[in-house]
A.B. asks: 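Can you keep this structure in mind? I'll have questions shortly.
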Amino acid sequence: MAIDAKQGALTTNQKVLDWVQECVDLCKPDKVVWIDGSKEQLDQLIEEVTSLPDGDPNKMWHLNEEKLPGCLYHRTAVNDVARVEDRTFICTRTKEDAGPTNNWMDPKEMYAKLTPMYDGAMKGQTMYVIPYSMGPVTSPISKVGVELTDSIYVVLNMNIMTRMGKAAFDKLGDSNDFVRGLHSKADVDPEKRYIVQFPEDNTIWSINSAYGGNVILSKKCFALRIASFQGKNEGWMAEHMLILGVQKPNGDTKYITAAFPSACGKTNLAMLIPPEGYLKNGYKVFTVGDDIAWLKPGKDGRLYAINPENGFFGVAPGTNEKSNYNALAATKKNAIFTNVALDNSDNTVWWEKLTKEPPVDATEWTGKKVNGVEYTSEIDEKTGKKKTLAHPNSRFTAPATNCPCLSPKFDDPEGVPISAMIFGGRRASTTPLVYQSFDWTHGTYMGSAVSSETTAAATGAVGVLRHDPMAMKPFIGYNVGDYWAHWLEMGEKLGDKAPKIFNVNWFKQDDNGNFMWPGFGDNMRVLDWIIKRCEGEVDAEETAIGYLPKKGDINLEGIEDEVTPEIMDKLLDVDTDLWKKEIAEMRRYYDEDIAAKGGRVPQALRDVLDKIEARLNK
Ligand code: GTP
Ligand code: SPV
Ligand code: MN
C-alpha cells in the first residue's frame with residue numbers, strides 16, 4: 001500500500017512534501033517518521049536501536065552510564081570505515097564544471113544508474129525525515145537541509161552534528177532553498193557504494209554506506225561540496241577549516257581559521273590549551289569550529305565565519321587528556337563512538353594513546369574479544385605495524401556544547417571576524433614550521449599548493465604525498481580552477497580588509513623520522529607570531545617563498561631544551577634545492593593534473609609561481 005508522506009509532516013512546504021513523497025515512492029519504506037528533535041522521540045529511537053540483537057549491523061550499545069552518561073557505541077562493517085573518494089561523484093551537467101579533481105558522470109545517467117538501487121531499498125524499514133539547519137538557525141549565513149535516511153545511527157549523529165528538528169522547517173518556510181539528501185544503507189555493498197552530489201539540483205544521493213563522512217550528509221556532502229558550489233554563485237566561501245579565537249591578556253580576541261587535510265590536526269588546533277607561560281599571562285583559546293567554516297563578508301567589509309556544524313566528528317586515536325583535553329572532555333556525555341575499542345572491565349571505550357596501557361579485557365573494533373595487551377603487541381601482516389584495537393579512523397561524535405573551551409560566539413548568528421587564515425599539511429621536509437604570504441594572491445597560491453601525506457580518513461594507501469589544494473581536494477563541488485578564481489575574487493572584494501594568509505607544518509621530520517616540533521598546545525607559539533604579524537607588532541624575514549619568523553621571534557620559553565636553536569634553524573630552513581623541486585612540481589601539477597584535464601588555472605597563480613621561481617634562482 002502506498003504511503004502518504006504528509007502523515008505527520010512537520011511542514012507545509014510543498015517542495016519538501018513533494019520531494020519526500022517522491023523518495024518514499026522510490027524507496028518504499030514501511031513507515032515514514034518526521035524527526036522533530038524532541039527528547040521523547042530521540043529516546044525512543046535510542047531504545048529501538050539498542051534493543052536490536054547483537055549480530056544486527058545497525059546495533060548500537062549503551063556504555064557505562066556513570067562514566068559516559070548518554071553515550072552510545074557503534075561498529076560499522078569492516079569494509080565501510082572511511083570516506084570513499086573513488087566512489088564520490090560531482091554530477092554537474094558538463095564534465096568541465098566538475099573539473100579535474102572530481103569523479104563525474106552526467107546527472108541523468110547517474111540518476112538512472114542509482115534509481116534501481118534505491119527502488120525498494122527501504123522495504124521493511126522506516127524512513128526518517130530529518131530537517132536541520134547548518135549554522136545558528138537565525139544566522140543570515142546558515143542554510144537548511146533535509147536528509148532522508150533508513151538509519152537510526154544517522155538520525156542520532158545528525159542530532160549532534162546539526163541543529164536538527166522542526167525549527168529548521170520554520171526557518172525554511174515556503175522556500176525552495178534547501179539541500180535534499182537521500183541516504184539508504186541498502187546492503188552496505190562496497191561495490192554499489194556511491195556518494196553523489198548534484199550541485200545544480202541541491203541534491204545528494206548516498207547509498208550502500210553507513211560510515212559517518214558518507215552518511216552524515218550535512219557534513220562533507222552539504223557543508224563543503226554543495227556549499228562550495230553555492231558559495232561560488234552567491235559570493236561566499238565554504239572551507240575545510242577550523243575556527244578558533246585567541247583571547248589576549250588585554251581581553252581582545254583574534255579569530256583565525258585553518259585548513260589542514262583530513263586527520264592533520266584541525267580538531268587538535270581548534271581546542272588547544274596554551275603552554276603554561278601563556279596561560280599565566282592570561283591568554284585563552286576558544287573553539288568556534290573544528291572542521292568546516294562558512295565565510296562571508298560582513299557589513300564592515302571584513303570576512304566573517306560561522307561554524308555550520310553543532311558538534312565534532314573527531315578522530316579518536318591519539319586523543320587523550322594531554323594531547324587534546326577539551327576534545328576528550330567533550331566525549332564524556334551524550335556522545336557516539338564509532339569503531340573504537342571497548343574496555344569490557346567497565347564497559348567504557350578505548351583507543352590507541354587514550355591511556356598508556358590497553359585494557360586486557362578488550363573488544364577490538366570489529367567486535368572480537370581479545371587480550372588487549374597481547375593483541376596490540378602483535379604485528380599486523382598487512383601494515384607491518386603493531387595491531388591496533390581501535391580502527392585508525394575511528395571517531396567520536398560529540399556535542400559542541402560539551403566542549404569546555406567552546407567560544408561564547410559559537411551561536412552568534414553574525415559569526416566571528418577573521419584576522420588570519422592558515423594552510424597546512426603533513427610534510428616531512430621542505431615546508432617550514434610557519435611562513436606568511438606576501439599578499440592574498442600569493443596566499444591563494446599557497447592554498448593551491450597544499451600537499452600532504454595521506455591518512456586513514458579516506459580509504460587507500462596511507463603516507464603518500466598528494467596534492468590537496470586548500471585541504472579541499474575531496475570536497476570542492478566544482479571545477480578547482482574556478483574555485484581558485486573564486487578565492488581571488490573574494491580577495492579583491494575584501495581588499496585591505498582581507499585576512500592575512502599563512503602556511504604551517506607541524507610535521508617536519510629530522511633525519512631519524514621524528515617530528516621536530518612538539519606540536520599540540522605548543523602550536524600556540526606559532527599562533528602568537530601569526531597574530532603579532534597581523535597586528536604589525538613583529539618584523540619578518542623576507543625570503544623567496546614568503547615572510548618567515550626572524551630568529552628568536554617564536555617564543556620557546558619552557559621548551560628550549562626540546563627545541564634547540566639548531567632544531568629551530570631546521571624548522572625554519574628554506575632549502576633552495578628542495579624549493580626548486582617544489583616549484584617544478586607545482587608547475588607540473590598546474591599543467592598536467594589541472595590544465596590538461598580541464599581545470600582553468602588562473603593566470604595570477606601562474607604569475608606567483610614565476611615570481612617565486614625567479615626569487616629562488618637569484
Ligand atoms: P578530520 O576530522 O579528519 O578532518 O581531522 P583533523 O584535521 O581534525 O585532525 P585531528 O585534529 O583529529 O588530528 C589527527 C591526528 O593528527 C591525530 O592523531 C593527532 O594526534 C595528530 N596531530 C594533531 N595535531 C598535531 C600536532 O601538532 N603535531 C603532531 N605531531 N600530531 C598532531
Ligand atoms: C574528514 O575526513 O575530513 C573528516 C571525517 O572530517 S569525515 O566526516 O569522514 O569526512
Ligand atoms: Mn575533516
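Ligands are counted one by one from 1 in listed order, and the atoms in each one are counted from 1 as well.
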A.B. asks: Test your reading of the structure: does Tyr211 have an N or O sitting under 3.5 Å from an N or O of ligand 2?
C.D. replies: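 It does: an N or O of Tyr211 is found under 3.5 Å from an N or O of ligand 2.
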A.B. asks: Could you label the plane-to-plane angle of the His391 and Trp365 rings as parallel, tilted or perpendicular, counting under 30° as parallel and over 60° as perpendicular?
C.D. replies: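 Geometry flag for Trp365 against His391: perpendicular rings.
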A.B. asks: In the protein, which heavy atom is nearest to atom 30 (N) of ligand 1, and how far is it?
C.D. replies: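 For atom 30 (N) of ligand 1, the nearest protein heavy atom is Phe515 CD1, 3.4 Å.
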A.B. asks: Asp291 heavy atoms, cut-off 4.0 Å: which ligand 2 atoms fall inside?
C.D. replies: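 Answer, ordered by atom number: 6 (O).
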A.B. asks: What's the verdict on side chain to side chain donor-acceptor pair (under 3.5 Å) for Asn523 and Trp517, showing C-alpha distance, side-chain angles and the deciding distance?
C.D. replies: CA-CA 9 Å; Asn523 293 334; Trp517 178 248; 2.7 Å; yes
A.B. asks: Would Trp351 and Tyr73 count as a close aromatic pair, with their ring centres under 6.0 Å?
C.D. replies: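 They do not qualify: ring centres at least 6.0 Å apart.
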A.B. asks: Do the side chains of Asp80 and Lys185 get close enough for a salt bridge, i.e. N-O under 4.0 angstrom?
C.D. replies: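 So Asp80 does not pair with Lys185 through a salt bridge.
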A.B. asks: Nearest 0.5 Å, what's the CG-OG1 distance between Leu156 and Thr397?
C.D. replies: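 The OG1 atom of Thr397 is 9.5 Å from CG of Leu156, to the nearest 0.5 Å.
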A.B. asks: With backbone taken as N, CA, C and O and side chain as the heavy atoms from C-beta onward, which portion of Thr455 lies under 4.0 Å from ligand 1: side chain, backbone, both, or neither?
C.D. replies: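 Neither part.
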A.B. asks: Taking atom CG of Asn159 and atom CD1 of Ile35, what is their separation to the nearest 0.5 Å?
C.D. replies: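 Taking CG in Asn159 and CD1 in Ile35, the distance rounds to 9.0 Å.
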A.B. asks: In ligand 1, which numbered atoms sit nearer than 4.0 Å to a non-hydrogen atom of Pro261?
C.D. replies: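 Every atom of ligand 1 under 4.0 Å from some heavy atom of Pro261: 7 (O).
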A.B. asks: Can you check which of Trp517, Trp506, Phe507 brings a heavy atom nearest to atom 29 (C) of ligand 1?
C.D. replies: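 Going through Trp517, Trp506, Phe507 one by one, Phe507 has the nearest heavy atom to atom 29 (C) of ligand 1.
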A.B. asks: Check the surroundings of atom NZ in Lys254: do more than 12 heavy atoms from other residues, nucleotides or ligands lie under 6.0 Å from it?
C.D. replies: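 Yes, NZ of Lys254 has more than 12 neighbouring heavy atoms, counting only those of other groups under 6.0 Å.
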A.B. asks: Among the N/O/S atoms of Asp291, select the one at the shortest distance from the Mn ion (ligand 3) and name it.
C.D. replies: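 The nearest such atom is OD1.
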A.B. asks: Test your reading of the structure: does Ala263 have an N or O sitting under 3.5 Å from an N or O of ligand 1?
C.D. replies: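 Yes - when backbone and side-chain N and O of Ala263 are compared with those of ligand 1, one distance drops under 3.5 Å.
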A.B. asks: Over 60° means perpendicular and under 30° means parallel, so classify the ring planes of Tyr211 and Phe313, tilted if in between.
C.D. replies: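 Tilted: the ring planes of Phe313 and Tyr211 meet at 30° to 60°.
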A.B. asks: Are Ser323 and ligand 1 in contact, using a heavy-atom cut-off of under 4.0 Å?
C.D. replies: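 No, that is not the case, since the closest heavy atom of the residue is not under 4.0 Å from the ligand.
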A.B. asks: Could you check whether any heavy atom of Pro317 sits closer than 4.0 Å to an atom of ligand 1, since that is the contact criterion I want to use?
C.D. replies: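 Contact present.
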A.B. asks: From Lys220, does some N, O or S atom reach closer than 2.8 Å to the Mn ion (ligand 3)?
C.D. replies: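 Coordinating: yes.
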A.B. asks: For the residue pair Trp350 and Tyr375, is the inter-centroid distance of their aromatic rings smaller than 6.0 Å?
C.D. replies: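 No.
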A.B. asks: Using a strict cut-off of 4.0 Å, indicate which atoms of ligand 2 neighbour a heavy atom of Lys219.
C.D. replies: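 Taking each heavy atom of Lys219 in turn, ligand 2 has 6 (O), 8 (O) under 4.0 Å.
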A.B. asks: Just to be sure I read this right, does ligand 1 sit under 4.0 Å from the backbone of Ser262, its side chain, both, or neither, counting only heavy atoms?
C.D. replies: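 Within the 4.0 Å criterion, Ser262 contacts ligand 1 through backbone and side-chain atoms alike.
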A.B. asks: Could you find the nearest protein heavy atom to atom 28 (N) of ligand 1 and give me its residue, atom name and distance?
C.D. replies: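 Of every protein heavy atom, Phe520 CE1, 3.7 Å lies nearest to atom 28 (N) of ligand 1.
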A.B. asks: Mind telling me whether Tyr283 and Tyr278 have parallel, tilted or perpendicular rings, with 30° and 60° as the class edges?
C.D. replies: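 Correct class here is perpendicular.
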A.B. asks: Would you mind listing which atoms of ligand 1 come within a distance below 4.0 Å of any non-hydrogen atom of Gly265?
C.D. replies: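 This gives 6 (P), 7 (O), 9 (O), 10 (P), 11 (O), 13 (O), 14 (C), 23 (C), 24 (N) as the contact atoms.
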A.B. asks: So is Arg426 touching ligand 1 or not, going by heavy atoms under 4.0 Å?
C.D. replies: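 Distance cut 4.0 Å: Arg426 passes for ligand 1.
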A.B. asks: Does His240 come within less than 4.0 Å of ligand 2, judged by its heavy atoms?
C.D. replies: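 Checking ligand 2 against His240, which is what was asked, there is a heavy-atom contact under 4.0 Å.
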A.B. asks: Under 4.0 Å between a Lys/Arg side-chain N and an Asp/Glu carboxylate O for Glu85 and Arg466?
C.D. replies: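 Looking at Arg466 together with Glu85, the answer is yes, because their closest N to O distance falls below 4.0 Å.
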A.B. asks: Is it the case that atom NZ in Lys192 sees more than 12 heavy atoms from other parts of the structure closer than 6.0 Å?
C.D. replies: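 Counting other residues, nucleotides and ligands, NZ of Lys192 stays at 12 neighbours or fewer.
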A.B. asks: Look at atom 7 (O) of ligand 1 and find which of Lys353, Met241, Lys266, Lys219 reaches it with the closest heavy atom.
C.D. replies: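 Heavy atom nearest to atom 7 (O) of ligand 1 belongs to Lys266.
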A.B. asks: Does ligand 1 have any atom sitting under 4.0 Å from a heavy atom of Ala270?
C.D. replies: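 Heavy atoms of Ala270 never come under 4.0 Å of ligand 1.
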A.B. asks: Can you confirm, on distance only, whether ligand 1 has an N/O atom lying under 3.5 Å from any N/O atom belonging to Arg395?
C.D. replies: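 Looking only at distances, the answer is yes, because the N/O contact criterion of under 3.5 Å is met.
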A.B. asks: Does only the side chain of Thr319 get under 4.0 Å from ligand 1, or the backbone, or both, or neither? Count heavy atoms.
C.D. replies: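 Contact part for Thr319 vs ligand 1: neither.
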